[in-house]
Amino acid sequence: MLRISITSPAENTATLRLEGHLAGAWIDELRATCDRMLAAGRSVTLDLGDVSLIERPGLDLLAALSRRSVALVRCSPFQEEQLRQAIDTTSESTAHHEPA
């Protein structure tokens with residue numbers, strides 16, 4: 001289960017405080033929520049301080065959101081390492097290499 005609490009300190013910004021497990025159907029729910037906010041031109045920050053588990057598809061989503069200028073804050077050192085690896089893996093798989 002994942003709880004998503006939205007705070008909006010200004011009309012064009014939103015912070016989503018996540019609590020629980022970023023897993024299963026909750027990954028799609030977070031994707032849809034962020035997509036709506038980004039499409040509306042809002043800057044989005046994800047507060048991961050109370051996330052206790054992130055499944056691999058959730059890491060992939062966070063990596064993709066990070067590339068879309070979504071700020072990820074209050075990550076544990078373990079989460080930061082997982083995200084770094086997810087970003088590196090995703091970058092490698094999408095890089096196009098020309099033959100030498």
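A quick note: this is a predicted structure, and the numbers were derived from the prediction, not measured. The residues of the chain are indexed from 1 along the displayed sequence.
- Cluster annotation: Phe78 and Leu83 are assigned to distinct hydrophobic clusters (Ile/Leu/Val/Met/Phe/Trp/Tyr, side-chain heavy-atom contacts under 4.5 Å, transitive).
- Using a 4.5 Å heavy-atom cutoff, the side chains of Ile6 and Thr15 are not in contact.
- Two residues are said to be in side-chain contact when any heavy atoms from C-beta on lie closer than 4.5 Å; Leu62 and Leu22 meet this criterion.
- Residues Ser52 and His21 come closest through the heavy atom pair OG-CD2, 3.0 Å.
- Between Asp60 and Arg31 there is no salt bridge, since no side-chain N of the basic residue sits under 4.0 Å from a carboxylate O of the acidic one.
- A 4.5 Å side-chain heavy-atom check between Arg68 and Leu38 finds at least one atom pair inside the cut-off.
- Judged purely by atom type and a 3.5 angstrom limit, Thr33 uses its side chain to pair as donor or acceptor with the backbone of Glu29.
- Taken together through direct or relayed side-chain contacts under 4.5 Å among Ile, Leu, Val, Met, Phe, Trp and Tyr, Val73 and Leu61 form parts of separate hydrophobic clusters.
- With Arg17 as the fixed residue, the side chain to side chain donor-acceptor pair (under 3.5 Å) test singles out one of Asp47, Thr45, Asp50, Thr7: Asp50.
- Distance alone, capped at 3.5 Å, places no donor-acceptor pair between the Gln79 side chain and the Leu53 backbone.
- Ser8 places a side-chain heavy atom less than 4.5 Å from the side chain of Arg42.
- Of all non-hydrogen atoms in Cys34 and Leu46, the two that sit nearest each other are SG-CD2, 4.0 Å.
- Under the 3.5 Å distance criterion, the side-chain polar atoms of Glu55 are matched with a main-chain donor or acceptor of Gly24.
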Show your working on side chain to side chain contact (heavy atoms under 4.5 Å, CB included) between Gln82 and Cys75 and close with a plain yes or no. CA-CA 10 Å; Gln82 286 184 305; Cys75 299; over 6 Å; no

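- Under the 4.5 Å side-chain heavy-atom criterion for ILVMFWY residues, no single connected hydrophobic cluster contains both Leu48 and Ile87.
- Inter-residue side-chain proximity for Leu16 and Met37 is flagged as met; some heavy-atom pair is nearer than 4.5 Å.
- Atom CZ of Arg3 has 12 or fewer neighbouring heavy atoms from other residues, nucleotides or ligands inside a 6.0 Å radius.
- Atom CD1 of Ile4 sits about 7.0 Å away from atom CH2 of Trp26, to the nearest 0.5 Å.
- Of the charged side-chain nitrogens involved, at least one lies within less than 4.0 Å of a carboxylate oxygen, so that Asp88 and Arg84 count as a salt-bridged pair.
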